[in-house]
Amino acid sequence: EGVNTNPTTDDEKWYLKYTFMNEGGGLIGEAMVEIDQSAASSGGWVLDTNSVGEVILPEDSYTTTIQLVGGKDATGTVWADEFILQGRTGWAGGIWNETVGVPDGWIYWLPRGEDGNISDGYENTRVTDEESYHGKYSLKFDIPKGTHDGFIGTRMYPLGGGSGSAKGANDISTLGDVNVGDMLRISVWIKASNLTPDSVDVVGDQWSVSLTPIFHNSLGGNEGFNDIWASDIPLVFPKVTEFDWTQFYIDVMVPENSKSLSMRLHPLGRFQGTVYMDGLEVKRINDVTNIESDKYLPTEYALYQNFPNPFNPSTILSYSLPLESNVIIKIYDMIGREVKTLVNDYKNAGVHEITWNGDNNYGSKVVSGTYVYTIKAGDFFQAKKMIMLK
């Protein structure tokens, strides 16, 4: 606002100055991004950037500083926010995490774009008080069009414990008495809306939200992210357009030479929808030995709203089981008469779905109207309504 226009010397310019230094403090590169002064006021926030590939460093930058500079003859007021570095390979990372409200010690990445385009939806990622499972806040991904990867990641957490792990002399916090070969259960609470259930059938896991554990052989961010083992582990959502707070978890084994663990909350490249994530937790467990069979399992019983609803001629009912259970799913009309028994069998833990084709126990098609479907699994019971339209 009110800046001097059309500067002719550096002393009259407003600009951002990026300085890159190596581990020894030596200068390895500088970049100057001039702020547009063709008009006295921008009228709002605008994106300012230099050209792709304009800055090429001879080695990795160990320390990067950013200065907002007004030359000695520059006038007016300038605000700068949301500082982004984007590699030519396409990743864009935020310098100051607080620009999206992410707590100190977390990192975030925006999606890969085409030569600087970062507007595919991950820029809507925010810490918000709109929803929460614990406390007042949660992390919100609001992705209208999923075409690239983006994630929020934690800092490295030291792995403590005995002979199996390399505990550092300066560890401040640890994940308890954790050793190589131990099983860790990583869980998160998720609330979702605006989902497109059919998309997962088309694009597979790339539509999913994943938890990504990364084990490192270093302890601090300045030592580099030296990965020993990492994996995007997709969570299996129920086939619904929305669901309330549900806890999901994965189990992973601590590999050899692990000194620390970091986590990513990671909607994959083709995901579309809105998810709130809260209560990320890592626990050491002793009674899980098979990683594959215990991946991405919910930790609570749930019956979800059918999809589609209303429907004709068929609809899908989804439900979650934290344990192997005898499951009974029945459909009733509005005066309580049984219409159809869909399931009466033992089912493994996980997210399941069953299709109802609008018929009764005798194979005849039902009439239009509202129906009630129920689930009984152990001591859990729940009922929901659905509408059949012809």
Side-chain angles (χ1 to χ4, degrees), residues 1-129 140 142-145 147-148 150 152 221-222:
E1 290 183 351
V3 302
N4 55 299
T5 58
N6 302 315
T8 58
T9 67
D10 286 349
D11 287 342
E12 296 176 329
K13 292 180 180 179
W14 287 94
Y15 57 91
L16 293 173
K17 182 180 179 181
Y18 289 75
T19 304
F20 306 95
M21 290 163 283
N22 60 25
E23 189 169 0
L27 179 68
I28 59 174
E30 290 183 326
M32 177 172 146
V33 180
E34 296 185 9
I35 293 171
D36 184 2
Q37 293 175 246
S38 60
S41 175
S42 65
W45 290 99
V46 295
L47 177 67
D48 199 0
T49 181
N50 62 4
S51 301
V52 172
E54 185 173 326
V55 179
I56 300 176
L57 302 177
E59 57 183 291
D60 291 344
S61 177
Y62 185 83
T63 301
T64 301
T65 62
I66 307 172
Q67 295 170 283
L68 173 57
V69 181
K72 68 182 182 65
D73 297 324
T75 60
T77 305
V78 176
W79 291 264
D81 198 1
E82 190 71 273
F83 299 91
I84 301 293
L85 289 182
Q86 178 154 336
R88 184 61 184 86
T89 54
W91 284 100
I95 298 298
W96 293 338
N97 302 327
E98 289 78 4
T99 55
V100 293
V102 178
D104 185 45
W106 289 61
I107 62 172
Y108 73 95
W109 288 94
L110 299 176
R112 188 177 71 180
E114 295 300 328
D115 291 342
N117 174 29
I118 56 173
S119 58
D120 288 315
Y122 289 93
E123 72 278 4
N124 299 325
T125 302
R126 294 289 183 271
V127 171
T128 178
D129 60 2
K140 179 184 181 182
D142 185 16
I143 306 172
K145 177 186 178 183
T147 57
H148 302 297
I152 295 287
N222 285 341

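The shown structure was predicted, so the numbers you read here are calculated from the model rather than taken from an experiment.
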Restricting to non-hydrogen atoms, name the atom on V78 and the atom on L68 that form the minimum distance, rounded to 0.1 Å. O-CD2, 4.0 Å
4.5 Å side-chain heavy-atom contact, W14 and N4: yes
Considering all heavy atoms of both residues, which atom of L57 and which atom of I28 are nearest to each other, and what is their separation? CD2-O, 4.1 Å
Could you measure the distance from the CZ atom of F20 to the CD atom of E30? Nearest 0.5 Å is fine. 9.5 Å
Value rounded to 0.5 Å, distance of CE in M32 from CG in N50: 11.5 Å
Listed partners of K140 passing salt bridge (Lys or Arg N to Asp or Glu O under 4.0 Å), at least two apart: E130
T8: side chain to side chain donor-acceptor pair (under 3.5 Å) partners, not counting sequence neighbours: E12
Going by atom types only, do D36 and S38 share a side-chain donor-acceptor pair under 3.5 Å? yes
Output for pair (L27 CG, T63 OG1), nearest 0.5 Å, gives 11.5 Å
Nearest heavy atoms of D48 and I35, plus distance in Å: OD2-CA, 3.2 Å
Taking side chain to side chain donor-acceptor pair (under 3.5 Å) as the definition, give me every residue that meets it alongside E34, ordered by chain and number, with sequence neighbours left out. K13
Can you tell me if N6 has over 12 outside heavy atoms packed within less than 6.0 Å of its CG? yes
How close do T5 and A40 get, counting heavy atoms only, and between which atoms? CG2-N, 3.5 Å
Kindly indicate whether the side chain of M21, heavy atoms from C-beta on, has any atom under 4.5 Å from the side chain of T65. yes
